[in-house]
Amino acid sequence: FVMMGWLIATRSARGAEETDDRPKDVVAAAVVDAGRVLLAQRAHPVELAGKWELPGGRVESGETHAAALVREIREELGAEVEAGDAVGKPVTLPNGLVLHAYRARLRAGTPAALEHLDLQWFTADDLRRLDLDDVVPADRDWIPELCIILDDA
Ligand code: DCM
């Protein structure tokens, strides 16, 4: 019995540390409203804290990107959105995660910083004036396309 306990403990520890069967996809929402896009200021981890991002998070097993986007925005901002077209190209992080940005339209509720330090609505000019050091690295490539979207809006 002691041996069996040890085996189970070893296997579950390995499972937690070495195996991550979750999808590698991360979805991020470009919520556009009245000619502005909503950026969220990360609270963690320390190397990203204080930097602006498109809010979102990891896709769960069996979940579509659109469903993950709606769930993440509900969890992080307390608002209901509808997912739209892709923004820019997917970005692969050094850790293997692949980030996908999508346009999103507000359906209900007022976004609130439930998990972020702050939320702010940016016009295209605000984005052009934004210091890229203040943007999460993975999200920097999306800024030009966001400016185009806002200029067209
Ligand atoms: N991430 C990112 N840019 C975003 C959203 C997420 O670089 N707009 C990264 C940060 C994490 C991972 O994706 O490495 C998971 O995000 P979160 O911690 O928000 O769940």
Side-chain angles (χ1 to χ4, degrees), residues 14-153:
R14 279 222 189 92
E17 286 162 23
E18 293 171 19
T19 327
D20 185 352
D21 293 334
R22 292 184 296 163
K24 293 294 171 207
D25 294 346
V26 176
V27 289
V31 179
V32 174
D33 191 47
R36 294 169 189 237
V37 64
L38 188 64
L39 297 189
Q41 197 174 34
R42 285 194 70 100
H44 59 86
V46 275
E47 60 270 24
L48 297 181
K51 296 190 191 293
W52 296 98
E53 70 169 2
L54 294 178
R58 290 188 70 162
V59 176
E60 291 174 358
S61 297
E63 195 177 40
T64 64
H65 283 194
L69 200 79
V70 169
R71 175 182 53 73
E72 287 287 344
I73 296 308
R74 189 181 292 140
E75 289 173 4
E76 296 188 353
L77 309 183
E80 297 301 317
V81 297
E82 181 181 70
D85 295 339
V87 173
K89 292 188 184 121
V91 176
T92 303
L93 296 183
N95 63 12
L97 293 180
V98 183
L99 272 72
H100 304 259
Y102 293 94
R103 296 185 61 160
R105 197 184 292 269
L106 261 181
R107 281 292 173 221
T110 304
L114 303 180
E115 297 182 3
H116 288 87
L117 295 181
D118 195 13
L119 300 181
Q120 209 169 292
W121 292 96
F122 290 75
T123 64
D125 281 340
D126 294 334
L127 290 182
R128 290 184 193 103
R129 278 193 285 264
L130 190 55
D131 187 339
L132 285 185
D133 284 342
D134 295 333
V135 178
V136 169
D139 296 32
R140 289 173 193 166
D141 290 351
W142 293 327
I143 300 286
E145 171 130 2
L146 290 172
C147 287
I148 292 169
I149 288 170
L150 293 176
D151 284 335
D152 289 348

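For the single chain, residues carry numbers from 1 onward in sequence order. Scope of the values below: all heavy atoms of this structure, side chains included, with no hydrogens, waters or symmetry mates. All ligand and atom numbering here is 1-based and tracks the order in the structure.
Between Asp20 and Arg58 a salt bridge is recorded (basic side-chain N to carboxylate O distance below 4.0 Å). Looking at Arg22 and Glu60, no side-chain N of the basic residue comes within less than 4.0 Å of a carboxylate O on the acidic one, giving no salt bridge.
Heavy atoms of other residues, nucleotides or ligands lying less than 6.0 angstrom from NZ of Lys24 number more than 12.
Taking a cut-off of under 4.0 Å to the non-hydrogen atoms of Val26, the atoms of ligand 1 that pass are 6 (C), 13 (O). Near Ala28, meaning under 4.0 Å from any of its heavy atoms, are these atoms of ligand 1: 8 (N). Those atoms of ligand 1 that come under 4.0 Å of a heavy atom in Leu97, given as number and element, are 12 (C). With ligand atoms numbered from 1 in the order given, ligand 1 contributes 7 (O) to contacts under 4.0 Å with heavy atoms of Ala138. Shown in contact with Gly56 at under 4.0 Å from a heavy atom are these atoms of ligand 1, numbered in order with element: 19 (O).
Taking only nitrogen or oxygen atoms, main chain and side chain alike, Leu54 reaches within less than 3.5 Å of ligand 1.
For atom 12 (C) of ligand 1, the nearest protein heavy atom lies under 4.0 Å away.
Without hydrogens or angle criteria, Asp151 side chain to Ile148 main chain gives no donor-acceptor distance under 3.5 Å. With Gln41 contributing its side chain and Trp52 its backbone, the two residues share no donor-acceptor pair below 3.5 Å. A donor-acceptor contact shorter than 3.5 Å is absent between the side chain of Lys51 and the backbone of Pro137. Listed for the Glu76 side chain is a donor-acceptor partner under 3.5 Å among the backbone atoms of Gly56. A distance-only check finds no donor-acceptor pair linking the side chain of Asp139 to the backbone of Glu53 [under 3.5 Å].
Of the protein's non-hydrogen atoms, the one nearest atom 18 (O) of ligand 1 is Arg42 NH2, 3.0 Å. Protein heavy atom nearest atom 3 (N) of ligand 1, with residue, atom name and distance: Asp139 OD1, 2.7 Å. With respect to atom 2 (C) of ligand 1, the closest heavy atom belonging to the protein is Leu99 CD2, 3.1 Å. Summary of contacts: the protein heavy atom closest to atom 5 (C) of ligand 1 is Glu53 OE1, 3.3 Å. The protein heavy-atom contact nearest to atom 20 (O) of ligand 1 is Gly57 CA, 3.9 Å. Atom 9 (C) of ligand 1 has Leu93 CD1, 4.0 Å as its closest protein atom, hydrogens excluded (heavy atom only).
Side-chain contact between Leu146 and Val87 is present, with heavy atoms from C-beta onward closer than 4.5 Å.
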